[in-house]
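Proteins get letters first, then strands, A, B, ... in listed order; numbering begins at 1 in each.
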Amino acid sequence: MTISIIQILLLATLAGICGIDLYNGQIHIHRPIITGPLVGLILGDLETGLIAGASLEFVWMALVPLAGAQPPNVVIGGILGTAFTIITQQDPSIAVGLALPFAIIGQIVTISFFSFIAVINPWVDKAIEAHDFKKYDRIMFGWQATYFAINFVIVFIPLYFGADQSINLINSMPQWLIAGLAAVGGIMPAVGFATLCKIMYKKAYLPFFVVGVILAAYLKLPVLAVAIVGCAVAAYDYYMNDKIEKVEESLGDNLYDGI
Amino acid sequence: MMEFKNIVTKKEIRKMLWRSSFLQTGYNYERRQANGWLYCMLPGLLKVYENEPEEMIEVAKNHVTYIGTHPFLVTFVQGVIISMEETRQDRELINSLKISLMSPLGGVGDALIWMTLLPITAGVGASIAMGGSIMGPIIFFVAFNAVHLFLRLFLMDYGYRLGTGAAVTLKKSTKKISRASSIVGMMVVGSLIPTYVKFSLPLTLDVGNKIFNLQTDLFDKIMPGFLPLLFTYFCYYLLTKKKATPMKLIYICIAIGIIGGLLGIYKYVPFTF
C-alpha cells in the first residue's frame, strides 16, 4: 500500500513524542506494544498494528537503556517495524529486519547527541552564574526540542524515500565520525568526575577514594556494594572517633585531678 | 531544642514532582543527569534561597555536577535533599550524601524496574495483544504506570519526611556525620570512575615478529582502568591547577574521539541481538 504525506508526518510526530518519552516523562507510551496500535490507527489497520507491536515488544523486551548503555532505538524500531509490516503486508519478523538498520541509526545518533550536546554545559553554567533560571529552563526545553527533531527525521526519511533508498543514504554517512563520536561518550564522563572531585576532594579522604577505585577496577564490584563497604568503614570510623573523644574527656579530668 | 520553620510548601513539592519526570532533560555524557537534576530541584531551591541570589548561585553550581540515578527513584533523593537545603545543612554533607544515595539507587532501580516491572507488565500486555485484543496495551499502560506513579509520589514524601525528621540530629553532630558521609561519598566517586569512564587506546604496533597492542599489552597490565583514571586526573589537573574551563575539556574529549575515529583506532561495533 502507499501512504500519504499526512500519514508520514503523523508517524514522524509520533516518533518525536515517543523519543521524548523514552528519556523524559517515561509513561512508556514509547514501547512497541503501545506504538504498534497507534501506528495501526494512523495507517488504518489497527489489528495488524496491535499484533506487530506485540511481537516487536518481545524483540525489545530485554533491551532497555541501563546506566547509559544504548540498545538499538526502541522508538524507531517499534514505529518503523510496525509501519513496514502494514505497508509491505509482511510478517512482523521480516518487517523488523527492514526497521533494524534505522533502529541502529537511532541508537548511534542518540549516542552522538549525548556526546555532542555537552556543549550546552557552559551555557548552563553561564545562566546559573547570571541567576537567570528562566534561561536555564529554556536551554532544557531546547534539548527536548532537538531530540524531538532527531526522532522525527529518522522516521520521516525512510517512510518518505522508501527503505531501500534510505539504507544507501545511511551507508554514505562517514563511519569514522560515527565511531569517533560514540567513543567520546565513554571518555567524556572523566570531565564530569573531575568537576565533582574539585568540589568534594579533601586530602583526608584520599585513602577512601583509592579503596573505591580498587574495589571497582580490580574486583569489579557494583556501585551498591562499594557504597555498603563505605558505610561499614564510615561507621567504624564514627565509633572509633566517639570512643577516642570519650577517653580524652575522662583522661582530661584525671589529669587535672592528679595535679 | 532547635526548631525549623517550613519554607518549602506543598506547592513547591508538587512542582518538583512534576519536574522529576524530566530528570534526563539536558542529558549528556559529561554530567549525565546533573542538568536535569537541577531542573527538578529548582522550584524548591529558588524558594529556600529566595532572598539570597548569591547563595542560590553557589548552591546551583554544586547541584550541576555529575550525577546518575534511576529516573523513578530520584524523587526519594529530591525529598531528602530539599529538606536538607531547607534546614541549611552543611554543604559538604549534602554533596556527599547526594552522590552516595543516587549512584547505588541507579543499580537498584535498574534491577527493580527495567529488569522486573517492565518485562512482567509488557510481557503480560503483549501476550494479550497477540490475540488481537486492545486490552493488551491498556493493561500494560495502567499496570506499569500504577507502580511508576506510586513510587514517584510515595518516595518524594517519604524522603522529605525522613530528611526533616533527621534535621535536628544532623545539625547537632554535623561534623561527625559530614565526615562519615564524605567517606562513603569518596569511595563511591572512586568506584564510579573505572565503572563509567571508558577510555582505551587499542593501537597496534608491529615490532619485528610480534604485534604489540598498546591497550592490552601495556595499559591493562599496569592496572585495569588505568587510562580512565589517568585521564580523569589530567582533567582534574587542568581544572584546578591550570584553571581550564569545562568547555575546553569537552572539546578535548570530542577531539580525541574524532581523531581516534579518523585514525581508525575507534571502530563502530553495531549492537547485535
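- Contacts of A/Y205 with chain B are made by both backbone and side-chain atoms, with heavy-atom separations under 4.5 Å.
- Contact tally against chain B (heavy-atom pairs below 4.5 Å) for A/A103, A/A216, A/P207, A/A190: the top residue is A/A190.
- Of the residues considered (A/L181, A/D125, A/L56), A/D125 shows the highest number of contacts with chain B, using heavy-atom pairs under 4.5 Å.
- Separation of atoms CZ (A/F113) and OH (B/Y29) is listed at 11.0 Å; rounding is to 0.5 Å.
- Ranked by heavy-atom pairs under 4.5 Å with chain B, the first of A/P32, A/P174, A/A118 is A/A118.
- The CD1 atom of B/I250 sits 5.5 Å away from atom CE of A/M188, with the distance rounded to the nearest 0.5 Å.
- A/L177 touches chain B through its side chain: at least one heavy atom from C-beta onward sits under 4.5 Å away, while N, CA, C and O do not.
- Note that CG of A/N24 and OG of B/S20 are 10.5 Å apart. Values are rounded to the nearest 0.5 Å.
- Pairs engaging residues 216-242 of chain A under the salt bridge (charged side-chain N to carboxylate O under 4.0 Å, His left out) rule: A/D237-B/R179, A/D242-B/K176 [sequence neighbours left out].
- Contact annotation for B/L229: only side-chain heavy atoms (C-beta onward) come within less than 4.5 Å of a heavy atom of chain A.
- For A/E47, the part lying under 4.5 angstrom from a heavy atom of chain B is the side chain only.
- Counting heavy-atom pairs closer than 4.5 Å to chain A, the top residue among B/I259, B/T65, B/N62, B/L38 is B/L38.
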**OP:** Applying side chain to side chain contact (heavy atoms under 4.5 Å, CB included), run through B/Y266 and A/I187 and close with a yes or a no.
**Re:** CA-CA 12 Å; B/Y266 300 122; A/I187 304 169; 4.2 Å; yes
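- Within 6.0 Å of CZ on A/F116 lie no more than 12 heavy atoms contributed by other residues, nucleotides or ligands.
- No donor-acceptor distance shorter than 3.5 angstrom exists from the side chain of A/E57 to the backbone of B/A126, with no hydrogens or angles considered.
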Original post:
Can you list the steps and then say if B/I258 with A/W176 is a side chain to side chain contact (heavy atoms under 4.5 Å, CB included)?
Top reply: CA-CA 8 Å; B/I258 290 178; A/W176 59 265; 3.7 Å; yes
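- Using bins of under 30°, 30° to 60° and over 60° for the plane-to-plane angle, the ring pair A/H28/B/F72 lands in the perpendicular bin.
- Rounding to the nearest 0.5 Å places NZ of A/K134 at 10.0 Å from CG of B/L42.
- The shortest side-chain heavy-atom distance between B/M130 and A/S55 falls under the 4.5 Å cut-off.
- Counting heavy-atom pairs closer than 4.5 Å to chain A, the top residue among B/F199, B/F234, B/Y39, B/Y233 is B/Y39.
- Contacts with chain B were tallied for A/I51, A/L50, A/I228, A/L224; A/L50 has the most, counting heavy-atom pairs under 4.5 Å.
- A/L206 contributes atom CG, which lies 7.0 Å from atom CE of B/M186 (distance to the nearest 0.5 angstrom).
- In terms of heavy-atom proximity, B/L46 sits nearest to A/F133 at CD2-CD1, 3.7 Å.
- Using modelled atom types, one side-chain atom of B/T25 and one backbone atom of A/M140 make a donor-acceptor pair closer than 3.5 Å.
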**OP:** Go through A/F208 and B/V184 one step at a time and tell me if the side chain to side chain contact (heavy atoms under 4.5 Å, CB included) criterion holds.
**Re:** CA-CA 8 Å; A/F208 305 108; B/V184 186; over 6 Å; no
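- When all heavy atoms of B/C235 and A/V191 are compared, the closest pair comes out as SG-CG2, 4.2 Å.
- For chain B, the nearby part of A/I199 is the side chain; its heavy atoms alone come within less than 4.5 Å.
- More than 12 heavy atoms of other shown residues, nucleotides or ligands fall within 6.0 angstrom of atom OH in A/Y218.
- Rounding to the nearest 0.5 Å places CD of B/Q24 at 13.0 Å from CD1 of A/I20.
- Among the candidates B/S100, B/S103, B/S182, B/G225, the residue making the largest number of heavy-atom pairs closer than 4.5 Å to chain A is B/S182.
- Here B/Y27 and A/F114 bring their ring centres to under 6.0 angstrom of each other.
- Of all the listed residues (B/I134, B/L263, B/I67, B/L105), the one sharing the greatest number of non-hydrogen pairs under 4.5 Å with chain A is B/I134.
- Note: B/Y236 and A/Y201 have perpendicular aromatic rings, judged against thresholds of 30 and 60 degrees for the angle between ring planes.
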Original post:
Should B/F140 and A/I34 be marked as a side chain to side chain contact (heavy atoms under 4.5 Å, CB included) after you check the CA-CA gap, both sets of side-chain angles, and the distance that decides it?
Top reply: CA-CA 9 Å; B/F140 161 72; A/I34 309 267; 3.8 Å; yes
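- Looking at A/V229, both its backbone and its side chain come within 4.5 Å of chain B, counting heavy atoms on both sides.
- Contacts between A/I27 and chain B at a heavy-atom distance below 4.5 Å involve backbone atoms as well as side-chain atoms.
- Note on B/L249, B/L239, B/L262: by heavy-atom pairs under 4.5 Å with chain A, the leading option is B/L262.
- In this structure a side-chain-to-backbone donor-acceptor pair under 3.5 Å is present from A/Y136 to B/N35.
- For A/P37, the part lying near chain B is the side chain, with the backbone staying farther off; criterion is any non-hydrogen pair under 4.5 Å.
- Residues A/I128 and B/A60 approach most closely at CG2-CB, 3.6 Å, considering heavy atoms.
- Looking at A/V226, both its backbone and its side chain come within 4.5 Å of chain B, counting heavy atoms on both sides.
- Looking only at heavy-atom pairs under 4.5 Å with chain B, the residue among A/Q26, A/K202, A/E129, A/K198 that has the most is A/Q26.
- B/S133 touches chain A through its backbone: at least one of N, CA, C or O sits under 4.5 Å from a heavy atom, while the side chain does not.
- In this structure, chain A has heavy atoms under 4.5 Å from both the backbone and the side chain of B/E30.
- Crowding of B/K15 atom NZ: a count of heavy atoms from other residues, nucleotides or ligands under 6.0 Å not exceeding 12.
- In this structure, chain A has a heavy atom under 4.5 Å from the side chain of B/F144, while its backbone stays farther away.
- With a 4.5 angstrom heavy-atom cutoff, A/P189 touches chain B via backbone and side-chain atoms both.
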Using residues 187-195 of chain B as the side-chain source, report each donor-acceptor pair under 3.5 Å to any protein atom, sequence neighbours left out, with the distance given to one decimal.
from   : atom 1 : to     : atom 2 : distance (Å)
B/S191 : OG     : B/V188 : O      : 2.8
B/T195 : OG1    : B/S191 : O      : 2.6

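- With a 4.5 Å cut-off on non-hydrogen atoms, A/W143 touches chain B through its side chain but not through its backbone.
- Heavy atoms closer than 4.5 Å to chain B are found in both the backbone and the side chain of A/I33.
- When A/I120, A/T195, A/I117, A/D137 are compared by the number of non-hydrogen pairs under 4.5 Å with chain B, A/D137 comes out ahead.
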